[in-house]
Structures are given as structure tokens and as C-alpha cells.
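Taking it in order: structure first as C-alpha cells, then the write-up.
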Amino acid sequence: LSTEKQAGLMGELIMLDALIGHTGSALVALDSWQGPTKAAQDFHVDSGAFEVKSTAKTQGFIARINSIDQLDSERWPMFLCAIRFAEDEAGETLTQCVNRLREVMDGSGVRKQFDALLLLSRYLDEHADRYTRKLLSGDVQCFRVEDDFPCLRRATLPGQIRNAQYDLDIESLDEAPQSMNMMF
């Protein structure tokens with residue numbers, strides 16, 4: 001995985017860990033993790049959803065929105081969660097994060113499901129020794145995606161446009177972010 005893809009997967013794993021803590025169930029959290037199955041959003045929780053965007057860059061935070069449906073969803077409420085990582089010896093490598101969560105999954109009896117989702121995320125154990133960069137997570141900023149949120153909306157696009165990818169400048173958003181606890 002490239003360095004940015006490592007940060008992206010680590011962001012999803014941090015949110016998976018937080019969801020386990022919130023729900024008290026590794027199975028419920030794993031069933032909510034839809035990113036590896038190529039769903040429009042990374043997590044579907046009850047009727048809502050949240051998309052995770054991560055960066056390890058020190059300057060700027062440009063999130064790649066991969067489709068119109070990623071932020072324009074029928075699921076409600078919808079959130080965009082932004083995680084900025086810093087390279088820091090106090091952090092953990094992607095491999096350490098995976099192994100820490102594997103222990104949780106072992107204790108909950110859902111290790112095989114977790115490993116299958118990791119494979120779909122293109123995490124391969126034979127590459128584990130290559131993931132040596134230690135990342136420390138900063139605050140997770142959660143933005144509620146409502147009608148005034150800056151994103152492409154299928155209803156306002158010409159019908160001939162079937163798909164689009166675009167970049168969203170997270171740092172320039174006017175909305176005040178909510179905490180992860182408020183989002184949950």
C-alpha cells in the first residue's frame with residue numbers, strides 16, 4: 001500500500017476501533033464497516049453513514065471524493081470524518097494497529113471476518129514488514145453532511161453525468177466539526 005493508502009486504511013481502522021468501543025460489539029462494528037466491500041461510504045450504522053478521509057501530510061488536507069454518492073447519500077444522518085496523522089515515534093505502524101485489532105477480534109470470535117475485510121482492503125500480511133512508518137492520530141473531526149455542505153449532488157447535476165471524482169479542501173470548510181462522540 002502507498003503511504004497515503006496506509007493512512008487511509010489506518011483511519012478506517014481507528015474508526016472501527018472507536019465504533020467497537022461505542023457499540024460494545026466487534027461484530028456490530030465489523031458489520032458496519034463497508035469500505036472494503038466498495039460501498040459508497042466506509043461505514044453504515046443503522047440508517048446513517050460516515051465516510052473517513054485521512055492524511056499524513058503536514059500541510060493542507062485535500063480529501064479525494066471518489067463518487068457523487070460518497071457524500072450525496074440516501075442514508076441519514078451522513079458524516080464526513082477527517083483524520084490527520086502525524087509521523088511520530090509515539091504512534092503505531094499500520095501492522096501494529098492491525099495486530100492490536102486482531103487481538104480484539106480474536107476475543108470476540110470474529111477474527112476470520114476481520115481478516116477477510118483486511119484482504120479486501122489490500123492489506124497483506126506478507127507486506128507487514130514494509131509498514132514501518134509510525135502514525136499518531138490527531139483529533140477526528142466529524143462534519144455533518146447536510147443540504148448546505150459543499151459536495152456534488154446528483155439532483156443538481158445534468159442527467160448525462162453518471163459519475164465524478166473531486167477534491168474537497170477539508171481545511172476550508174465553514175462548518176464547525178463535531179466530536180466523534182457527538183457523531184455517535
Side-chain angles (χ1 to χ4, degrees), residues 1-56 63-67 69-71 73 75 77-143 145 179-184:
L1 297 171
S2 69
T3 55
E4 277 303 301
K5 292 207 180 287
Q6 288 174 50
L9 179 55
M10 196 132 158
E12 288 184 36
L13 293 176
I14 283 175
M15 294 304 290
L16 177 66
D17 192 26
L19 192 55
I20 291 168
H22 175 74
T23 64
S25 170
L27 178 59
V28 169
L30 275 179
D31 285 346
S32 298
W33 187 26
Q34 300 294 306
T37 64
K38 305 299 181 215
Q41 299 85 30
D42 293 320
F43 290 87
H44 292 173
V45 181
D46 295 326
S47 65
F50 60 93
E51 176 63 23
V52 181
K53 296 297 179 184
S54 304
T55 189
R64 168 62 79 173
I65 308 303
N66 295 310
S67 72
D69 300 322
Q70 199 163 45
L71 296 181
S73 174
R75 302 189 74 84
M78 174 67 204
F79 287 89
L80 172 65
C81 300
I83 304 173
R84 182 185 299 276
F85 290 102
E87 288 192 43
D88 192 306
E89 283 303 309
E92 64 183 350
T93 66
L94 177 58
T95 301
Q96 289 170 327
C97 181
V98 165
N99 290 336
R100 178 175 52 78
L101 283 170
R102 280 181 168 158
E103 288 180 23
V104 172
M105 302 308 168
D106 277 336
S108 300
V110 292
R111 167 75 183 268
K112 285 184 180 180
Q113 183 180 351
F114 180 63
D115 283 345
L117 290 169
L118 286 174
L119 276 174
L120 290 173
S121 299
R122 301 177 58 201
Y123 179 88
L124 303 174
D125 285 316
E126 50 266 22
H127 297 162
D129 61 336
R130 297 179 188 171
Y131 304 134
T132 58
R133 185 172 65 151
K134 289 191 171 188
L135 296 176
L136 184 63
S137 170
D139 288 335
V140 177
Q141 296 183 314
C142 302
F143 299 92
V145 179
S179 70
M180 200 174 0
N181 287 336
M182 284 294 289
M183 179 187 71
F184 287 141

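For the numbers below, each heavy atom of this structure counts, side chains included, while hydrogens, waters and symmetry mates do not.
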For Tyr131 and Leu9: C-alpha separation, side-chain torsions, deciding distance, then whether side-chain contact (heavy atoms from CB on, under 4.5 Å) applies. CA-CA 12 Å; Tyr131 304 134; Leu9 179 55; over 6 Å; no
Atom pair [atom1] ([X]) and [atom2] ([Y]), whose distance is rounded to the nearest 0.5 Å:
X      : Y      : atom1 : atom2 : answer
Asp31  : His44  : CG    : NE2   : 12.5 Å
Cys81  : Met180 : SG    : CE    : 8.0 Å
Thr93  : Leu135 : OG1   : CG    : 8.5 Å
Thr95  : Met10  : OG1   : CE    : 9.5 Å
Leu1   : Ser121 : CG    : OG    : 8.5 Å
Leu101 : Asp106 : CG    : CG    : 11.0 Å

Quick one: closest heavy-atom pair of [X] and [Y], and the distance?
X     : Y      : value
Ala56 : Arg133 : CB-NH1, 3.6 Å
Gly91 : Gln96  : O-OE1, 4.3 Å
Ile83 : Gly11  : CD1-O, 3.6 Å

Tell me, which pairs form a salt bridge (charged side-chain N to carboxylate O under 4.0 Å, His left out) where one or both residues lie in residues 90-102, sequence neighbours left out?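 Output for this query lists Asp17-Arg100, Glu92-Arg100, Arg102-Asp115, Arg102-Asp125.
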Within residues 46-55 or reaching into it, pairs that qualify as salt bridge (charged side-chain N to carboxylate O under 4.0 Å, His left out) - sequence neighbours excluded: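 For residues 46-55, and leaving out neighbouring residues, the salt bridge (charged side-chain N to carboxylate O under 4.0 Å, His left out) pairs sorted by first residue read Glu51-Lys53.
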Using modelled atom types and a 3.5 Å cut-off, is there a donor and acceptor pairing between side-chain atoms of Gln34 and backbone atoms of Gln41?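 Checking the backbone N and O of Gln41 against the side chain of Gln34, no donor-acceptor pair under 3.5 Å is found.
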Test item: Asp88 side-chain N/O and Leu136 main-chain N/O as donor-acceptor pair under 3.5 Å: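 No; judged by distance alone, with no hydrogens or angles, the pair does not exist.
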Using the side-chain contact (heavy atoms from CB on, under 4.5 Å) rule, take Arg64 and Glu4 through it: C-alpha gap first, then chi angles, then the decisive distance, then the call. CA-CA 11 Å; Arg64 168 62 79 173; Glu4 277 303 301; over 6 Å; no
Neighbour count above 12 (heavy atom, 6.0 Å) for Asp139 CG: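 No - once you tally the heavy atoms of other residues, nucleotides and ligands closer than 6.0 Å, there are 12 at most.
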Sequence neighbours left out, cut at 3.5 Å: what donor-acceptor pairs do the side chains of residues 19-30 make with other protein atoms?
from	atom 1	to	atom 2	distance (Å)
Thr23	OG1	Leu19	O	2.9
Thr23	OG1	Ser25	N	3.2
Thr23	OG1	Ser25	O	3.2
Ser25	OG	Leu27	N	3.4
Ser25	OG	Val28	N	3.0

Leu13 side chain reached by Leu94 side chain, heavy atoms, under 4.5 Å: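 Side chain of Leu94 against side chain of Leu13, heavy atoms only: contact under 4.5 Å found.
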pair Met183-Val45: side-chain heavy atoms closer than 4.5 Å: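 No, their side chains stay 4.5 Å or more apart.
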Does the pair Asp42 and Met15 meet the rule for a side-chain contact (heavy atoms from CB on, under 4.5 Å), with working shown? CA-CA 10 Å; Asp42 293 320; Met15 294 304 290; over 6 Å; no
I would like to know whether Glu12 and Leu117 meet side-chain contact (heavy atoms from CB on, under 4.5 Å); could you show each step before the answer? CA-CA 11 Å; Glu12 288 184 36; Leu117 290 169; over 6 Å; no
Which label fits Phe114 and Trp33: parallel for a plane angle under 30°, tilted from 30 to 60°, or perpendicular past 60°?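 Phe114 vs Trp33 ring planes: tilted.
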Can you name the one residue among Phe43, Phe79, Phe143 that meets ring pair (Phe, Tyr, Trp, His ring centres under 6.0 Å) with Phe50?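 Answer after filtering Phe43, Phe79, Phe143: Phe43.
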